[in-house]
Amino acid sequence: MTGWIVAILLLSGLIGLHLGWRRRYRLLALGQAAKPAGLTDALGVTDMFENMAEGVLVTNQKGIIEFANPSFCKLFELAAEPKGQTVMEAIRIHEVHELVNLLRQNNQVVQEEIMLPNLDQQFLQVNGVAIRDRNENHRGAIFVFHDLTRLKRLENLRQEFVANVSHELRTPLSIIKGYVETLLDSETDAESLSHRFLKKIENHSNRLTFLIEDILALSHLESGDIGLDQREVNVRQLAEGVLDGLREMADKKKVRLENGVPENLTLFADSQRLFQALNNLVENGIKYGGACVRVSATNANGELDLCVEDNGPGIPAEACDRIFERFFRVDKARSRELGGTGLGLSIVKHVTQLHGGTARVESTLGQGASFHLTFPTPQT
Ligand code: ADP
């Protein structure tokens, strides 16, 4: 009998406990639903943002700041969180203001590097993404600001070092070349051992000269502080100049050169730098290509596409993705043998990017390669 009483008491205790917890859970759920949820609360990440080393900014659908973490305030030297202000009111940086506007219209991820207008030359990388609700309505945007200043300084130091070393190497190298040429002139027996050795020294010092010139050109282009001397360039004439300069080399290798660029096609560009890029591509076509190298160009849909194609062995698909990297060569030994430095295509890429364009290659193994430089052109 007492066993039954204990069992009944235990059961009623459990039922009471269950009902009590159910009520508490309902109240909790109701309380949360009743609380007005801001954008960052809804995301439930405010606490995490507070402790991040990167600056975080959240704007709502009207572009008004809803949240800025302490790192953001520190980066922009703000005394308090600029909640309720627009980006222009809070930090007065046009680039960020434009990103906010862009994300209000587009559902995309944006990335931009900006320099703060202070005396410390501070660089930031901004990554932004639009926030959409389940019905694809714009709810605002989140931005993360990374401080790139230290990285940029190191990068500048590296570039300066490379440029200085290359520059310092130039003088002794030209002296060595001068002596070798004099010795070669006085050596009449072309079959003698000393003549052969001198010829080798001459070849290698020439290679070293090309390498130094390419490194200098590249570090100059990479430094970003070169001014472009842009004006209307007749693309056909420019291509003709490049082909003329390389005709002797092409004749020696029995390569036919063709200029298929239409008359009167112009591009607003720095002609010397564009010449350099086109020259590298045509020279590669002669060195690595087949029997014909052709330059052509089209202008459509606000883009000018400058193309250099050859009918040589082509480039393997896995190499196409890496071909514009510094010192990347498909066949190292062959490139060296032909006097290549492995920097030609990097220079092409940088020159194109400086003009706001892109460089790419299309190739099928055994069926040649076509290099395309695409430049934006204002539509008329
Ligand atoms: P390099 O000084 O070695 O020519 P580049 O940067 O100009 O350096 O070219 C990188 C590599 O790309 C070359 O070593 C070569 O293997 C390959 N390459 C470039 N152009 C062509 C081409 N037209 N056909 C086949 N391979 C090419």
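Indexing begins at 1, ligand by ligand and atom by atom, following the structure's order.
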### Task
Side-chain contact test, heavy atoms from C-beta onward, threshold under 4.5 Å: evaluate it for Arg256 versus Cys292 and give yes or no.
yes
## Note on the structure
heavy-atom search around atom 8 (O) of ligand 1 in the protein gives Gly342 CA, 3.2 Å
### Query
Does Lys332 come within less than 4.0 Å of ligand 1, judged by its heavy atoms?
no
### Task
Taking only heavy atoms of Thr341 into account, list the atoms of ligand 1 that are under 4.0 Å away from them.
1 (P), 2 (O)
### Message
Quick test: of every protein heavy atom, which one is nearest to atom 7 (O) of ligand 1, and how far off is it to 0.1 Å?
### Response
Asn284 ND2, 2.8 Å
### Task
Return the residue, atom name and 0.1 Å-rounded distance of the protein heavy atom closest to atom 16 (O) of ligand 1.
Val330 N, 3.0 Å
### Task
State, with a plain yes or no, whether a side-chain heavy atom of Val361 is found less than 4.5 Å away from one of Ile315.
yes
### Task
Identify, for atom 18 (N) of ligand 1, the protein heavy atom at the shortest distance, and state residue, atom and that distance.
Tyr288 CD1, 3.8 Å
### Message
If the test is side chain to side chain contact (heavy atoms under 4.5 Å, CB included), which one of Thr59, Ile65, Thr86, Ile64 qualifies with Val100?
### Response
Thr59
#### Entry: Lys152 to Phe123 six-membered ring, cation-pi geometry met (6.0 Å, 45°)
yes
### Query
Can you tell me if Arg329 uses its side chain to pair, donor with acceptor, with the backbone of Gly340 under 3.5 Å?
yes
#### Entry: Interfacing atoms of ligand 1 (cut-off 4.0 Å, heavy-atom, Lys287)
4 (O)
### Qualifying residue, where the test is side-chain hydrogen bond (donor to acceptor under 3.5 Å, both in side chains) with Asp214 and the options are Thr341, Asn280, Thr209
Thr341
### Task
Return yes if a side-chain donor-acceptor contact under 3.5 Å exists between Thr266 and Glu232, otherwise no.
yes
### Query
Which of these, Asp310, Asn311, Asn280, has its nearest heavy atom closest to atom 23 (N) of ligand 1?
Asp310
### Query
Does ligand 1 have any atom sitting under 4.0 Å from a heavy atom of Phe371?
yes
### Message
Could you tell me if the side chain of Phe145 sits less than 4.5 Å from the side chain of Val96, heavy atoms only?
### Response
yes
### Query
Under 30°, 30 to 60°, or over 60°: which ring-plane class applies to Phe76 and Phe72, parallel, tilted or perpendicular?
tilted
## Note on the structure
for atom 14 (O) of ligand 1, nearest protein heavy atom and its distance come out as Arg329 CG, 3.2 Å
### Message
For atom 6 (O) of ligand 1, what is the closest protein heavy atom, and at what distance to 0.1 Å?
### Response
Leu345 N, 2.8 Å
#### Entry: Numbering as shown, the atoms of ligand 1 that approach Gly340 to under 4.0 Å (heavy-atom distance)
1 (P), 2 (O), 3 (O)
### Message
Counting non-hydrogen protein atoms only, what is the nearest one to atom 12 (O) of ligand 1? Give residue, atom name and distance.
### Response
Ile323 CD1, 3.2 Å
### Query
With side chains defined as the heavy atoms from C-beta onward, is the minimum distance between Ile93 and Pro117 less than 4.5 Å?
yes
### Message
Looking only at protein heavy atoms, which one is nearest to atom 3 (O) of ligand 1, and what is the separation?
### Response
Ser335 OG, 2.6 Å
### Message
Measuring from atom 11 (C) of ligand 1, which candidate in Phe328, Phe210, Phe327, Phe324 has the nearest non-hydrogen atom?
### Response
Phe328
